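Note sheet for the following structure.
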Amino acid sequence: MPELPEVEVLKKTLTKFLVNSTIKKVRINNASLRYKLANNFGSKLRYKKIKNLTRRSKYLLIHFFGGDYILIHLGMTGFFYLLKPKDKKFINASFYINKKINKKHNHIIVYLKNGYNLIYNDIRRFGFMKYYKKSTRKSNNFLIKLGPEPLSKKFNASYLESLAKKRNILIKSLLMNQKIVSGLGNIYVNEALYYSKINPLLLCNKIDKKKLIVLIKNIKKILKTSIKFGGSSIKNYINIAGNKGSFQQKFKVYNRANLKCKNCEGIIKKVKILQRATFYCNTCQK
DNA sequence: TTCTTTGTTCCGGA
DNA sequence: GTCCGGAACAAAGA
């Protein structure tokens with residue numbers, strides 16, 4: 001699942017290949033993403049020159065000279081790769097492809113003047129992209145409601161405590177709320193609570209500040225490590241088309257129901273919180 | 001056929 | 001009105 005670190009790595013990788021490049025044409029194989037692509041999506045992109053790329057939460061933004069931009073969300077299975085057919089160069093830009101690419105899910109192909117094709121592949125089509133005018137930069141509905149970035153200074157223990165004491169919800173629900181902190185998904189919340197020895201079923205207003213300090217520290221550490229790891233694993237993907245990557249995510253608790261805890265003798269339990277799979281060790285997460 | 005998966009929105013109960 | 005959890009939704013694969 002593409003989470004914040006994956007999007008950050010994607011941004012960095014694409015930046016190298018897209019900035020200052022001009023779009024020659026766009027081929028849309030399937031416009032039915034999570035939100036149907038506008039009919040003029042391709043024609044709007046044509047001849048646009050890319051200025052820079054940014055990330056907000058799990059959204060990737062591609063900015064054009066002149067100020068218009070596209071907003072992208074990868075959903076559950078969306079990813080990008082770059083292909084330079086002339087020299088058979090293949091670059092996996094999206095961090096986590098383990099399986100062979102099924103071309104039938106190549107929904108959008110952007111042909112760039114620099115010879116690269118930027119390809120968007122999304123098996124379940126929960127991802128989306130939208131074209132926006134410059135004037136929407138400060139009023140974009142997807143961005144306007146988001147809380148602080150988890151890696152920003154604004155996301156600290158005092159901030160979290162002030163919100164936690166006002167609410168009567170589970171700590172996991174608090175962290176999953178994008179208005180509280182934006183960009184943490186299910187996997188990283190599970191992992192961060194495990195590292196911090198905090199039970200996801202605890203009420204957020206019952207957790208003392210000491211614990212919150214540890215939690216904040218771990219969230220930042222896990223995200224940073226993951227970004228670093230993603231950055232280095234990307235290199236292994238600069239291969240000829242078809243070569244598989246070997247990157248494996250090493251989760252401490254996520255998806256380990258009924259297995260032995262990596263920290264103690266406990267067994268990892270699985271419950272649902274906000275309809276999401278939640279994993280924790282009953283012994284070390286008090 | 002049914003279940004799982006994520007992020008967001010909507011709805012109803014307390 | 002406010003707070004909270006559950007359902008629904010998007011699509012595909014097991």
Side-chain angles (χ1 to χ4, degrees), chain A residues 1-8 10 28-38 41 55-61 71-80 94-108 120-130 132 139-150 162-193 200-207 219 223 226 249 251 253-258 268-279:
Chain A
M1 256 58 70
E3 295 233 23
L4 187 149
E6 286 87 330
V7 180
E8 180 64 24
L10 172 64
I28 295 166
N29 293 327
N30 188 347
S32 302
L33 302 183
R34 174 162 190 166
Y35 308 113
K36 199 170 188 339
L37 280 181
F41 182 78
R55 177 191 62 76
R56 175 75 172 105
S57 190
K58 296 181 193 174
Y59 297 99
L60 176 73
L61 290 91
L71 179 81
I72 299 165
H73 195 288
L74 301 175
M76 290 171 63
T77 54
F79 66 91
F80 282 98
S94 281
F95 187 84
Y96 74 105
I97 303 168
N98 296 318
K99 293 177 190 168
K100 262 198 175 165
I101 294 171
N102 187 340
K103 285 183 186 165
K104 92 173 179 193
H105 302 302
N106 283 351
H107 304 310
I108 301 170
Y120 180 68
N121 183 298
D122 190 345
I123 296 166
R124 298 202 184 162
R125 312 210 310 263
F126 275 24
F128 69 88
M129 49 187 93
K130 279 190 177 187
Y132 286 99
S139 59
N140 189 301
N141 266 335
F142 289 99
L143 306 177
I144 200 165
K145 291 167 279 185
L146 297 175
E149 286 284 320
S162 70
L163 292 172
K165 70 183 178 193
K166 280 191 276 190
R167 288 164 192 259
N168 199 34
I169 56 175
L170 307 183
I171 181 63
K172 189 180 179 227
S173 306
L174 187 79
L175 297 175
M176 295 288 285
N177 185 335
Q178 302 296 303
K179 288 172 192 157
I180 306 280
V181 54
S182 70
L184 291 183
N186 195 33
I187 291 173
Y188 284 99
V189 170
N190 272 292
E191 292 293 300
L193 288 168
L201 296 161
L202 277 180
L203 283 171
C204 64
N205 53 29
K206 296 277 195 292
I207 299 172
I219 288 170
L223 292 175
S226 200
Q249 296 227 36
F251 299 130
V253 72
Y254 185 80
N255 229 349
R256 298 196 73 249
N258 300 318
I268 302 301
K269 295 202 178 316
K270 180 181 181 181
V271 294
K272 280 205 167 185
I273 295 175
L274 291 178
Q275 317 287 82
R276 298 289 177 260
T278 304
F279 303 89

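All figures in this text were calculated on a predicted structure; none of them were measured in a lab. In what follows, every chain begins at residue 1, and chains take the letters A, B, ... in the order their sequences are listed.
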Could I get a table of every N or O pair under 3.5 Å where one atom is in the protein and the other is in nucleotides 3-6 of chain C?
from	atom 1	to	atom 2	distance (Å)
C/dC4	OP1	A/N168	N	2.5

Using atom [atom1] of [X] as one end and atom [atom2] of [N] as the other, report the distance to the nearest whole Å.
{"X": "A/N102", "N": "C/dA12", "atom1": "CG", "atom2": "C1'", "answer": "11 Å"}
{"X": "A/L33", "N": "B/dT6", "atom1": "CG", "atom2": "C1'", "answer": "16 Å"}
{"X": "A/K272", "N": "B/dT6", "atom1": "NZ", "atom2": "P", "answer": "9 Å"}
{"X": "A/R124", "N": "C/dC9", "atom1": "CZ", "atom2": "P", "answer": "18 Å"}
{"X": "A/I123", "N": "C/dA14", "atom1": "CD1", "atom2": "C1'", "answer": "13 Å"}
{"X": "A/F79", "N": "C/dA12", "atom1": "CZ", "atom2": "C1'", "answer": "14 Å"}
{"X": "A/I187", "N": "B/dT5", "atom1": "CD1", "atom2": "C1'", "answer": "10 Å"}
{"X": "A/M176", "N": "B/dT9", "atom1": "CE", "atom2": "P", "answer": "15 Å"}

Next item on the list: May I ask you to evaluate whether A/Y35 reaches the phosphate of B/dT8, defined as a side-chain N or O under 4.0 Å from OP1 or OP2?
Entry: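 Negative; the distance criterion is not met.
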
Margin query: OP1 or OP2 of B/dT8 versus the side-chain N and O atoms of A/Y59: is any pair under 4.0 Å?
Written below: yes

Check: side chain to side chain contact (heavy atoms under 4.5 Å, CB included) with A/Y120: which of A/N30, A/L33, A/N106?
Finding: A/L33

Next item on the list: With the side chain of A/Q178 defined as its heavy atoms from C-beta on, choose the nearest nucleotide among B/dT8, B/dT9, B/dT5.
Entry: B/dT8

Note to self: I want to verify a distance call: between B/dT9, B/dT5, C/dA12, whose nearest atom is closest to the A/K145 side chain?
What the structure shows: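 Closest nucleotide to the A/K145 side chain: B/dT9.
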
What distance separates [X] [atom1] from [Y] [atom2], expressed to the nearest 0.5 Å?
{"X": "A/I180", "Y": "A/C204", "atom1": "CD1", "atom2": "SG", "result": "8.0 Å"}
{"X": "A/Y188", "Y": "A/L4", "atom1": "OH", "atom2": "CG", "result": "8.5 Å"}
{"X": "A/Y35", "Y": "A/R125", "atom1": "OH", "atom2": "CZ", "result": "15.0 Å"}

Assign [X] to base, sugar-phosphate, or nothing according to its heavy-atom contacts below 4.0 angstrom with the strands shown.
{"X": "A/K179", "result": "nothing"}
{"X": "A/K172", "result": "nothing"}
{"X": "A/R125", "result": "sugar-phosphate"}

Notebook entry, point to check: With no hydrogens and no angle check, do the side chains of A/N186 and A/K172 hold a donor and an acceptor under 3.5 Å apart?
Noted result: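 The answer is yes; a qualifying pair exists.
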
Item checked: Non-neighbouring partners of A/Y132 that pass ring-ring contact (aromatic ring centres under 6.0 Å, His included), sequence neighbours left out -> A/Y69

Margin query: Checking the side chain of A/E191 only, and the main-chain atoms of A/V253 only, is there a donor and an acceptor separated by less than 3.5 Å?
Written below: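 Yes.
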
Note to self: Go nucleotide by nucleotide along DNA chain C from the 5' end; which of A/H105 and A/R34 gets its closest nucleotide reached first?
What the structure shows: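 First, find each residue's nearest nucleotide; the 5'-ward one identifies A/R34.
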
Notebook entry, point to check: C/dA11 base stacked by A/F126? Criteria: ring centres under 5.5 Å, plane angle under 30°.
Noted result: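 Per 5.5 Å and 30° rule: no stacking.
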
